[in-house]
Visitor: 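Have a look at this one before I ask anything.
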Amino acid sequence: MQAIPTIEQNEAAVRFDAVTKRFDDVVALNAVSLDVQTGEFLTLLGPSGCGKTTLLKLAAGFLGPDAGAISINGRRVNELPTYQRGIGMMFQNYALFPHMSVADNVAYGLKTRRVPKPERQQRVAEVLALVKLTGMERRMPRQLSGGQQQRVALARALVINPTVLLLDEPFSALDKSLRTSMQVELREIQRKLGLTTIFVTHDQSEALSLSDRVAVMSEGRIRQLGSPVDVYRAPTDQFVATFVGDNNKLRGRLLSVGDSDAVIELGSAQIKVPSERLAKLEKSAPVDLFVRPEQFCVVSANEPSAMTGHVVAQIYQGGHVDLQIECPGASRDRLLVRSAGDQAVVRWPMGATVGVSIQPGGCAAFPAE
Ligand SMILES: Nc1ncnc2c1ncn2[C@@H]1O[C@H](COP(=O)(O)OP(=O)(O)O)[C@@H](O)[C@H]1O
Ligand SMILES: [Mg+2]
C-alpha cells in the first residue's frame, strides 16, 4: 500500500503546537504554534516580558505547558525530563564553574551522562578546537577574557552533541565589537554542524543579521514569522513595523485601492503600497503609512511632490548621516531620514529648509490606529 503523504514526513526539529503557559494571572504564552526546521537558525525577537525565555524553557523542559504539545524530531516531549531531550543550552548568565578548569567545565555534561573518560577527552578536545580554545584546557575561568569565557560556555553546550541548541540572549553582556565577532563565530559553527538553533534576543539588529527566520513576539504571541527581509520589508502589523528597525509613521489618506496596490495620499504626494491590509477600507479613510529612514530622499525645498520641513538634528554615523526633520504638515513627530555617505553633513545643515520625498516601493500601510 502506498503511503499517504502527510506533514509528518517533513517533520520539524522542534514543534510547538498551540502551547499556552500561565503564571497565576499572567498569560506568558498564548496558544503559540511554531515549527523550527532541522538545521535552521530561528530567532525569537520581542520586547522584555513577551514570553521568549518561557518558550525556551518549555523546549528545554524546565517548565511544562498548561496546554498544547511540544515535540522534538517528531516525538512528544511534554513529559520527558530535560536530560533526555538532547538540548544544548547557553543562557544570559552563562556562569562557568569558577573552581574548574576549562576542560573540566566543558567535560561536565559528559561526566553527568557517564561518558567514558577516553571518549570524554576526545569530545572535549574536538569541541575546544571548534571554538578556537585549543591550548587553554588547563586555564581557570578567571584567567580568561570575556569572549573566551563565552566560548567555553558555548563549548559546554555543544559537547553533548545536542539535537537542538537553545540560546537565551547569550551576547547581551558583551561590548559591541566582541558581540559582533561572537555572532559571526556562532553562526559559522552552527552552519558547520547543521545544528537546529533557537536564539532569543530583544535586539532587532542581532535578529536580522543572524537568523534564517525570525519570530517576532509580543504579549505571549507570535506576531510574524518570516525571513529577516520579510519582517523588515513586509511587516504584518503596526507592532512589527515599529519594533523591527527604525521606522517613521505618517498619517495619510486612502486614495484608491486595487487588487494588489493601493495609493495613499500624503499632502501633495501619492505613494503606492501593497493593498493587502487596506482592502476593507473606504476610500479616503485615514491610514498609517510606515516609511523607513532610508526610503526618504532629501530634495530641494521647492520640489512639488515633496513635504517641506527643516533640519533640527544631524547625527553623523560614519557610513551614513541621520537627519531629524520637522515636517509639521506631514507628521507631529520628527522624521528620521537616513542619508548614505557623509555629504548630508554639509549639504543639509541644521536649520536648513528642505524637501522630503518618498522613494517608490517598500512602504507599508495599515488602517489608522
Ligand atoms: N516564574 C515566573 N513566575 C511568574 N511570572 C513569570 C515567571 N516567569 C515569567 N513570568 C512572566 O511571564 C511573562 C514572560 O516572561 P519571559 O518569558 O521571561 O519574557 P522574556 O524572556 O520575553 O523577557 C512576563 O510577564 C513575566 O513576568
Ligand atoms: Mg528573557
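Numbering of ligands and ligand atoms starts at 1, following listing order.
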Visitor: Which one of Leu58, Leu55, Leu56, Thr53 satisfies the side-chain contact (heavy atoms from CB on, under 4.5 Å) criterion with Leu63?
Guide: Leu58

Visitor: What residues come within 4.0 Å of ligand 1, counting heavy atoms only?
Guide: Phe23, Val26, Ala28, Pro47, Ser48, Gly49, Cys50, Gly51, Lys52, Thr53, Thr54

Visitor: Have Arg123 and Asn161 got a donor and an acceptor in their side chains that come within less than 3.5 Å?
Guide: yes

Visitor: Classify the side-chain pair Arg223/Ser218 by whether it contains a donor and acceptor separated by less than 3.5 Å.
Guide: yes

Visitor: Is the Mg ion (ligand 2) less than 2.8 Å from at least one N/O/S atom of Ser48?
Guide: no

Visitor: Looking only at side-chain N and O atoms, does Gln148 offer a donor or acceptor that is under 3.5 Å from a partner on Arg151?
Guide: no

Visitor: Give a yes/no verdict on a cation-pi contact between Arg187 and Phe199, requiring under 6.0 Å between NZ or CZ and the six-membered ring centre and an angle within 45° of the axis.
Guide: no

Visitor: Decide whether Thr201 and Glu169 meet the rule of one side-chain donor and one side-chain acceptor closer than 3.5 Å.
Guide: no

